[in-house]
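In listed order, ligands and their atoms are each counted from 1.
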Amino acid sequence: MTAFQGRRIVLGVTGGIAAYKAIEVCRRLVDGGAHVSPILTDGALHFVGETTFSALASEPVQTSLWDEESPIPHTRLGQGADLIVVAPATARSIAAYAHGLSDDLLTATLIATRAPVIVCPAMHTEMWEHPAVQANLEILRARGVIIVPPAEGRLAGGDIGTGRLAEPSDIVAAVEQALLASADLSGLRVLVTAGGTREAIDSVRVITNRSSGKQGYAVAEEAASRGATVTLVTTVDRPAPAGATVIKVSSAAEMQAAVMPIAADHDIVVMAAAVADFRPVTVAGRKLKKDEFGEGGTPQIILEPTHDFLVDLGLAKPAGQVLVGFAAETDDVVENARAKLERKRLDLIVANDVGAASCGFEYDTNAVVLLGADGMHQDVPLTDKRIVARAILDAVMALRAGPD
Ligand code: CTP
C-alpha cells in the first residue's frame with residue numbers, strides 16, 4: 001500500500017506558465033491511489049484547461065465558490081482533505097494565503113482546512129527574491145506550511161534564474177513525506193463493525209434494519225488512510241479500503257462469533273454496526289408457505305433478545321484499548337447515549353440521532369455527538385460521514401494520548 005492510497009488530496013493550481021506541470025502531479029497522485037480534487041483559479045484557466053484536469057483527477061475541477069449546489073464547497077473540500085498542495089503557487093496566491101484573504105475558492109479552502117498544506121511557488125527570479133514574497137513565505141512556514149522551493153533554470157520568456165516550479169517528482173515526494181508524517185494511526189490495529197445484521201425468519205426471509213454500513217466503512221477508510229491496519233466485520237457488500245481484512249457476516253450471532261476472538265488483538269474497536277436487539281426464536285429451514293397458516297392467516301413470529309456483545313467487549317477490554325460504541329437514538333439522544341456509555345463501559349460513544357433530517361441510516365451525511373468516558377462532549381454538525389469518521393478517530397487518538 002502506498003502513502004497515497006485512499007488519501008484525499010486537494011490540488012490547487014494558480015495562474016502561472018508552470019500550471020502544465022500540475023497535470024503530471026495530478027496524474028502521479030491518482031496513479032498512487034489518492035483521491036484528487038482539483039481547484040483551478042481564474043488565473044490558472046488562462047494556462048491550462050479544465051477538461052484535462054477533470055479527465056485525470058478523481059472528481060471534476062472546481063473553479064469558483066459558486067459552482068456547486070452546496071453554498072460552502074470550500075468547507076467541504078477543506079475539512080475533507082488529508083492534504084492540500086498548491087502547485088504552482090503565484091506570488092499573489094501566497095500573499096492571499098499568508099494574510100487570510102479568502103477571495104476565491106482556493107484561498108477559502110486553504111483557510112478552511114486543518115490538513116497539512118504544501119505550497120510550491122513559481123515565479124520570476126525578481127519576484128521570488130522580493131522581500132514581500134519572502135516575508136509571506138516566512139509567515140506560512142511559521143504556521144507549519146511546507147514550502148517546496150523553486151528550482152533554478154529557464155523561466156517564462158527565456159530568462160534564466162531561480163523561480164522555476166519544482167519538478168513534479170519532487171512535489172509528489174514532498175506530498176508522500178507529508179502524508180507519511182500525518183499517518184498518526186500507523187502501527188495501530190483497528191477493528192470496525194459495519195452494517196445492520198440480518199436475523200432469519202426462514203430460509204428466505206430476514207428481519208433487518210435500515211443501516212447501510214456507510215458510517216462504519218467511512219471509519220474503516222479513514223483509519224486505513226491514516227496508516228492503521230484495519231479489520232472490517234461487515235454485513236454489507238461495499239468496496240473496502242485497500243489492505244483491510246474483511247470478514248463478511250450476516251446475523252448478530254455471526255458478528256459476535258467473528259468479533260469476540262479477535263477484539264483483544266486490536267488497539268481500537270469501533271462498533272458502528274447496527275446489531276439486532278431481537279431475533280426470531282425459531283427459524284424455519286425452508287420457505288414458509290402462506291397456506292400453512294390457513295385462509296387469511298399469518299405467521300406469529302416470536303422474538304428473543306440477542307446477546308449484547310458490546311457489553312462483553314467492555315468487560316474484557318485489554319489495558320490501552322479504546323472501545324467505541326454507537327447509540328442510534330430517536331429520543332433523548334445525549335442522555336440515552338451517556339447511559340449506554342456507562343453501562344457498557346465504553347471509552348467513547350457516538351450518539352446518532354437517526355430521526356433527524358439527512359442523518360444516520362442510508363445517508364452519506366451524518367450529525368453526531370461524541371461523548372467520552374472522561375466527560376468529553378463534542379458536537380459534530382451535519383457533514384460527510386468521512387468527516388464524522390475523522391472526528392471519531394481524532395477523539396480516539398486524544399483519549400489514547402490522555403489528558404493534556
Ligand atoms: N450492540 C451489540 N450487540 C447487540 C446490540 C447492540 O454489540 N446485541 C452494540 C451496537 O453495535 C452499538 C451499541 O451496542 O455499538 C448500541 O446499540 P443500540 O442498539 O443503539 O443500543 P442498545 O444497547 O441495544 O439499546 P436500545 O436498543 O435500548 O436503544
Quiz prompt | Main-chain N/O of Ala252 paired to Glu199 side chain as donor or acceptor, under 3.5 Å | solution = yes
Quiz item: Between Glu24 and Lys21, is there a salt bridge with N-O shorter than 4.0 Å?
Solution: no
Self-check item: Proximal protein residues to ligand 1, non-hydrogen atoms under 4.0 angstrom
Solution: Met271, Ala273, Val275, Ala276, Asp277, Thr306, His307, Asp308, Phe309, Leu310, Gly325, Phe326, Ala327, Ala328, Lys340, Arg343, Lys344
Quiz item: Would you say the side-chain atoms of Ser54 pair up with the backbone N or O of Val61, donor to acceptor, closer than 3.5 Å?
Solution: yes
Quiz item: Between Tyr217 and Thr234, does any side-chain donor sit less than 3.5 Å from a side-chain acceptor?
Solution: yes
Quiz prompt | Rounded distance (nearest 0.5 Å) linking atom CG of Asn336 with atom CD1 of Ile349 | solution = 9.5 Å
Run the side-chain donor-acceptor check on residues 282-289: report pairs under 3.5 Å with partners two or more places apart or on a different chain.
from: Arg286; atom 1: NH1; to: Glu292; atom 2: OE2; distance (Å): 2.9
from: Arg286; atom 1: NH2; to: Glu292; atom 2: OE1; distance (Å): 3.3

